[in-house]
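Worksheet: one structure, shown below.
Scope of the values below: all heavy atoms of this structure, side chains included, with no hydrogens, waters or symmetry mates.
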Amino acid sequence: EVQLVESGGGLVQAGGSLRLSCAASGFTFDDYAIGWFRQAPGKEREGVSCISSSDGSTYYADSVKGRFTISSDNAKNTVYLQMNSLKPEDTAVYYCAADPLVGTVVAALCYYGMDYWGKGTLVTVSS
């Protein structure tokens, strides 16, 4: 059974930093793309950043480029999202997701969504 467990959310002031973690289990980590998505109240879900566990290729939404960094520790089956220079508009529930990276690219999965989802962690950025 695929399981994705997010941690690291919380309340932070604008300009601050948080690191989210996604612990994955139940699948061959190296064959998957893992991504972070977010959804703010009243807004559509957005693909924030995604990474291929096999070759390390990454995708970032324009809204977070230069501020967020995604990384993967394959030995720990864990993906991290380092979020710096946080803004109030980054406030959302952040979800970790996973999908087999077969016949597609990371950017496409980050745009269209993935098959497996965690329960989410809330990030609140105060102004």
Side-chain angles (χ1 to χ4, degrees):
E1 179 187 4
V2 173
Q3 287 193 327
L4 301 165
V5 180
E6 303 97 335
S7 60
L11 174 64
V12 64
Q13 288 188 332
S17 298
L18 282 175
R19 189 176 80 156
L20 304 183
S21 299
C22 173
S25 62
F27 59 94
T28 304
F29 192 77
D30 292 356
D31 295 338
Y32 274 62
I34 310 292
W36 289 97
F37 297 75
R38 67 186 180 187
Q39 188 163 23
K43 293 189 177 181
E44 292 189 355
R45 184 188 68 198
E46 174 189 22
V48 175
S49 182
C50 299
I51 187 168
S52 164
S53 298
S54 61
D55 65 10
S57 56
T58 58
Y59 165 88
Y60 293 94
D62 287 343
S63 57
V64 306
K65 280 181 182 176
R67 300 189 297 123
F68 291 10
T69 303
I70 193 169
S71 61
S72 176
D73 186 337
N74 288 22
K76 296 183 178 180
N77 283 9
T78 300
V79 169
Y80 304 97
L81 185 67
Q82 179 66 46
M83 306 186 295
N84 298 329
S85 302
L86 282 161
K87 305 174 181 180
E89 51 264 44
D90 293 318
T91 295
V93 176
Y94 283 71
Y95 298 92
C96 177
D99 202 291
L101 190 55
V102 177
T104 186
V105 295
V106 170
L109 289 174
C110 221
Y111 182 80
Y112 290 109
M114 297 187 178
D115 282 349
Y116 302 101
W117 295 84
K119 294 183 178 181
T121 185
L122 177 62
V123 172
T124 304
V125 184
S126 62
S127 56

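Within the 4.5 Å cutoff, side-chain heavy atoms of R38 are placed close to those of D90. For the pair F29/S72, a side-chain contact is recorded, criterion being any heavy-atom separation below 4.5 Å from C-beta on. Two residues are said to be in side-chain contact when any heavy atoms from C-beta on lie closer than 4.5 Å; S49 and Y59 fail this criterion.
Contact record, G47 with A61: O-CB, 3.4 Å, taken as the closest heavy-atom pair. Closest of all the heavy-atom pairs between I70 and I34 is CD1-O, 4.0 Å. Taking both residues in full, the closest heavy atoms of T78 and S21 are given as CG2-CB, 4.4 Å, listed atom of the first, atom of the second, then distance. The nearest pair of heavy atoms linking K43 to Q39 is O-NE2, 3.1 Å. Of all non-hydrogen atoms in V12 and L86, the two that sit nearest each other are CG1-CD1, 3.6 Å. Counting all heavy atoms, side chain and backbone alike, Y32 lies closest to D99 at CD2-C, 3.3 Å.
Rounding to the nearest 0.5 angstrom, the gap separating the NZ atom in K87 from the OG atom in S85 is 8.0 Å. Rounding to the nearest 0.5 Å gives a distance of 11.5 Å between CG of N74 and OG1 of T28.
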Could you go through C50 and W36, starting from their C-alpha distance and side-chain angles, then the distance that decides it, and tell me whether this counts as side-chain contact (heavy atoms from CB on, under 4.5 Å)? CA-CA 6 Å; C50 299; W36 289 97; over 6 Å; no
Between D30 and S53, is a side chain to side chain donor-acceptor pair (under 3.5 Å) present by the stated rule, with each step listed? CA-CA 5 Å; D30 292 356; S53 298; 5.8 Å; no
Going through the checks in order, is the side chain to side chain donor-acceptor pair (under 3.5 Å) test met by E89 and S63? CA-CA 10 Å; E89 51 264 44; S63 57; over 6 Å; no
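The existence of a salt bridge linking D62 and K65 is confirmed by a sub-4.0 Å separation between a basic side-chain nitrogen and an acidic carboxylate oxygen.
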Going by atom type alone, with no hydrogens or angles, which donor-acceptor pairs under 3.5 Å involve a side-chain atom of residues 109-127 and a protein atom two or more places apart or on another chain?
residue : atom : partner : partner atom : Å
W117    : NE1  : M114    : O            : 2.8
T121    : OG1  : G9      : N            : 3.3

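Cluster partners of V102: none. The rule joins Ile, Leu, Val, Met, Phe, Trp and Tyr whenever side-chain heavy atoms lie under 4.5 Å apart, and it links nothing here.
Y60 and Y80 fall into different hydrophobic clusters, where Ile, Leu, Val, Met, Phe, Trp and Tyr residues are linked whenever their side-chain heavy atoms come under 4.5 Å apart, directly or through other members. At a threshold of 4.5 Å between side-chain heavy atoms, the hydrophobic network of Ile, Leu, Val, Met, Phe, Trp and Tyr places Y95 and L20 in two separate groups. The cluster map of Ile, Leu, Val, Met, Phe, Trp and Tyr, joined by side-chain heavy atoms under 4.5 Å apart, puts Y94 and I51 in the same cluster. Hydrophobic clustering, with ILVMFWY side chains joined whenever heavy atoms are under 4.5 angstrom apart, keeps L4 apart from L101.
Under a 3.5 Å cut-off, the side chain of S52 and the backbone N or O of D55 do form a donor-acceptor pair.
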